[in-house]
Protein chains: 2
Amino acid sequence: MMPDQEKGLSSLRRALALLRIVARGDPAGMRLKDIASAAGCSQSTAHRALQDLMAEGFVEQVEGGKRYRPSLDFFVLAARAGQAGGIRDLARPVLLRLATTLSDTIFFLVRNGYDAVCLDRVEGPFPIRSFTGDIGGKVPLGLGQGSLAILAHLPEAEQEEVIRFNIPRLIDRGFLDEAGLRAAIARAREQGWVNLNTGLIPGMAGAGVPVIDTQGRPVAALSVGTLAERLGPERLPGVVRILKTEADNLAAGLNPFDVTLRYPLRSLSNVRP
Amino acid sequence: MMPDQEKGLSSLRRALALLRIVARGDPAGMRLKDIASAAGCSQSTAHRALQDLMAEGFVEQVEGGKRYRPSLDFFVLAARAGQAGGIRDLARPVLLRLATTLSDTIFFLVRNGYDAVCLDRVEGPFPIRSFTGDIGGKVPLGLGQGSLAILAHLPEAEQEEVIRFNIPRLIDRGFLDEAGLRAAIARAREQGWVNLNTGLIPGMAGAGVPVIDTQGRPVAALSVGTLAERLGPERLPGVVRILKTEADNLAAGLNPFDVTLRYPLRSLSNVRP
DNA sequence: TGATATTATTCCGATATATGGAATTTTTAT
DNA sequence: ATAAAAATTCCATATATCGGAATAATATCA
């Protein structure tokens with residue numbers, strides 16, 4: 001039906017595309033036919049590639065069935081990729097300290113192109129739903145406290161580019177118009193931190209601060225999510241102060257690492273510009 | 001130097017091996033030469049494959065450098081694979097309830113061949129170091145509370161096979177001899193749960209229960225890790241009871257899913273039999 | 001800073017491998 | 001039980017892959 005993807009992909013690229021399709025597909029598994037058609041290649045080709053993907057342990061078949069799904073070994077393998085150059089291990093003690101000090105849910109996000117990715121999270125006593133969702137979740141820069149904190153501290157030109165790219169995506173997700181976003185950015189930049197009550201759930205609120213590396217780039221963010229009543233005027237300033245202190249601690253350990261990432265890889269980000 | 005891996009791997013298999021090497025390598029990135037030699041192929045081949053892996057977003061180069069490392073997009077992609085057929089979403093509310101009720105750190109493990117993999121974890125107020133470490137971490141079955149709980153409830157033949165396979169690995173990690181393991185298994189099987197003080201850190205303790213699916217297979221485990229003083233004779237029975245209740249809840253939701261995994265994929269598990 | 005060694009990247013022809021359509025087998029649906 | 005759909009295997013052909021050699025880019029050291 002739909003016009004073929006770009007022709008002449010190497011067999012490897014095609015196979016990787018298959019892996020992506022399976023990984024993004026139904027966790028309960030996908031049928032060969034659907035995988036092949038999603039990839040725009042013949043079933044034979046898809047079949048052979050999937051056999052190899054299975055042999056290498058990236059994909060498995062549901063026992064007794066034919067459906068393919070990503071394997072646990074794949075998950076284990078990629079969990080290491082969440083290090084993003086080692087930053088996650090650096091951040092972990094910071095998160096634990098924050099969670100203990102504040103008794104709220106703490107998030108650690110890093111920038112990845114036009115998005116922020118949740119690398120780690122420590123729960124507080126109240127279940128919090130965040131935009132990023134789980135560890136490994138992704139949000140457009142600008143959506144949510146930490147994500148907005150990063151966006152607000154980007155160099156102007158880059159910020160502008162991200163805004164242009166993300167506006168449609170943000171609107172798609174039902175939040176903010178461009179004016180609102182720009183106002184929020186201005187406020188965040190001025191204050192050096194973000195405080196939003198526009199949580200997913202009424203009664204929830206959060207605050208976020210950027211983690212600025214030695215080159216002045218906002219490579220990550222720390223944020224806290226909690227009950228709105230726990231971020232009232234009396235507590236908020238203290239929370240922000242503590243977040244900022246820990247963000248500085250984290251930034252101090254960052255020098256040896258280069259967490260600046262290359263530009264977004266379209267192939268993996270199903271964004272619509 | 002070392003004899004070539006099996007010859008005649010398809011280009012895809014070889015490229016996947018490269019991906020695995022990079023993902024397992026230094027989080028700060030690996031040099032082409034080292035990748036190529038680790039994979040036993042020419043640099044040209046490795047180079048071309050890595051270009052494709054980058055184009056598809058599985059690998060990235062440290063900005064300004066040449067080193068290759070797994071990309072964040074890869075991490076994001078695979079985070080979904082941790083679903084293992086959907087079980088993680090089922091377990092999440094259970095974990096949150098347990099954490100709230102017990103105020104201790106809760107782990108959720110699933111079996112994967114000869115190993116247990118940590119799929120999720122909710123922290124309590126005390127930092128706990130577990131054998132699995134982070135989410136995505138892996139331990140040989142038998143090491144740690146949850147992992148032992150799974151092993152202890154396997155059908156006898158399968159249990160025997162796992163024991164034989166894992167004994168060297170367990171000894172390698174400095175724990176238990178075979179007799180000790182078998183004793184611990186017997187106790188666990190009898191009680192229906194596991195309680196160990198042989199934590200990584202003196203003063204820590206934990207307890208674990210298996211999650212048994214409708215076919216009677218121990219597909220997963222719930223465990224708690226905390227201060228030894230919080231698992232004394234007065235509190236332990238209650239903790240175990242609560243764990244068992246939640247394990248049953250979880251098992252009840254399990255029917256529609258098939259979490260039984262195929263046999264261990266050697267290629268991804270760097271185990272030494 | 002300049003010279004040199006190491007590593008990364010490109011090029012290339014021979015060869016092995018991937019490709020999709022058709023045939024066959026297995027599974028699912030009726 | 002039968003029919004329909006999906007999965008898997010087979011095959012001839014076209015094409016992409018391979019590693020060695022040449023070149024370019026970096027890192028190392030004086």
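Just so you know, these numbers use all the heavy atoms, side chains as well, and skip hydrogens, waters and symmetry mates. In the text below, chain A, chain B and the rest are named by the order of the sequence lines, each starting its count at 1. Computed from a predicted model, the values in this text were never measured in an experiment.
Looking at F165(A) and L141(A), their side chains never come closer than 4.5 Å, going by heavy atoms from C-beta outward. Counting heavy atoms from C-beta outward, L12(B) and L12(A) have side chains that approach closer than 4.5 Å.
We find that OH of Y68(B) is positioned 7 Å from C1' of dA8(C), with the value rounded to whole Å. Rounded to an integer number of Å, the gap from Q43(B) CD to dT17(D) P is 19 Å. One atom, CE of M30(B), and another, C1' of dT7(C), lie 14 Å apart when rounded to the nearest Å. Residue Q61(A) contributes atom CD, which lies 13 Å from atom C1' of dT26(C) at whole-angstrom precision. Between the NZ atom of K33(B) and the P atom of dA5(C) there is a distance of 15 Å, rounded to whole Å. Across the protein-nucleic acid pair, D34(B) atom CG and dA8(C) atom C1' stand 12 Å apart, rounded to whole Å. For the pair L32(A) CG and dT26(C) C1', the interatomic distance rounds to 13 Å; values are reported in whole Å. The distance from atom CD of Q51(B) to atom P of dA8(C) is 12 Å, rounded to the nearest whole Å.
With sequence neighbours left out, Q43(A) forms a side-chain hydrogen bond (donor to acceptor under 3.5 Å, both in side chains) with no residue at all. Residues passing the side chain to side chain contact (heavy atoms under 4.5 Å, CB included) test with S42(B) are S44(B), T45(B), sequence neighbours excluded. With sequence neighbours excluded, the residues that form a side chain to side chain contact (heavy atoms under 4.5 Å, CB included) with A91(B) are F108(B), L250(B). Taking V76(A) as the reference, V117(B), K138(B) meet the side chain to side chain contact (heavy atoms under 4.5 Å, CB included) condition, with sequence neighbours excluded. Every side-chain hydrogen bond (donor to acceptor under 3.5 Å, both in side chains) that R97(B) has, sequence neighbours left out, goes to E246(B). For the side-chain hydrogen bond (donor to acceptor under 3.5 Å, both in side chains) test, no residue two or more places apart in sequence or in another chain qualifies with T245(B).
Closest to the R14(A) side chain, of the nucleotides dA18(C), dA7(D), dG20(C), is dG20(C). Comparing dT9(C), dA6(D), dT19(C) against the side chain of T45(A) picks out dT19(C) as the nearest. Proximity note for S11(A) (side chain, C-beta onward) versus dT19(C), dG20(C), dT9(C): the nearest is dT19(C).
With DNA chain C read from its 5' end, the first of the two nearest nucleotides for H47(B) and A49(A) is the one closest to H47(B). Mapping R31(A) and L12(A) onto DNA chain D via the closest heavy atom, the residue that lands nearer the 5' end is R31(A).
When the C1' atoms of four end pairs are superposed on the next four at each end of the helix from dT1(C)-dA30(D) to dT30(C)-dA1(D), using five pairs per end, the two resulting axes differ in direction by 70°, to 10°.
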Expected rows: protein N/O vs nucleotides 20-23 of chain D N/O, under 3.5 Å:
unit_1  : atom_1 : unit_2 : atom_2 : d
dG20(D) : O6     : S44(B) : OG     : 2.9

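Among pairs with a residue in residues 32-48 of chain B, those fulfilling salt bridge (charged side-chain N to carboxylate O under 4.0 Å, His left out) read R31(B)-D34(B), at least two apart in sequence or across chains.
At dT28(C), none of the side-chain N or O atoms of K66(A) fall inside 4.0 Å of OP1 or OP2 (strictly under the cut-off).
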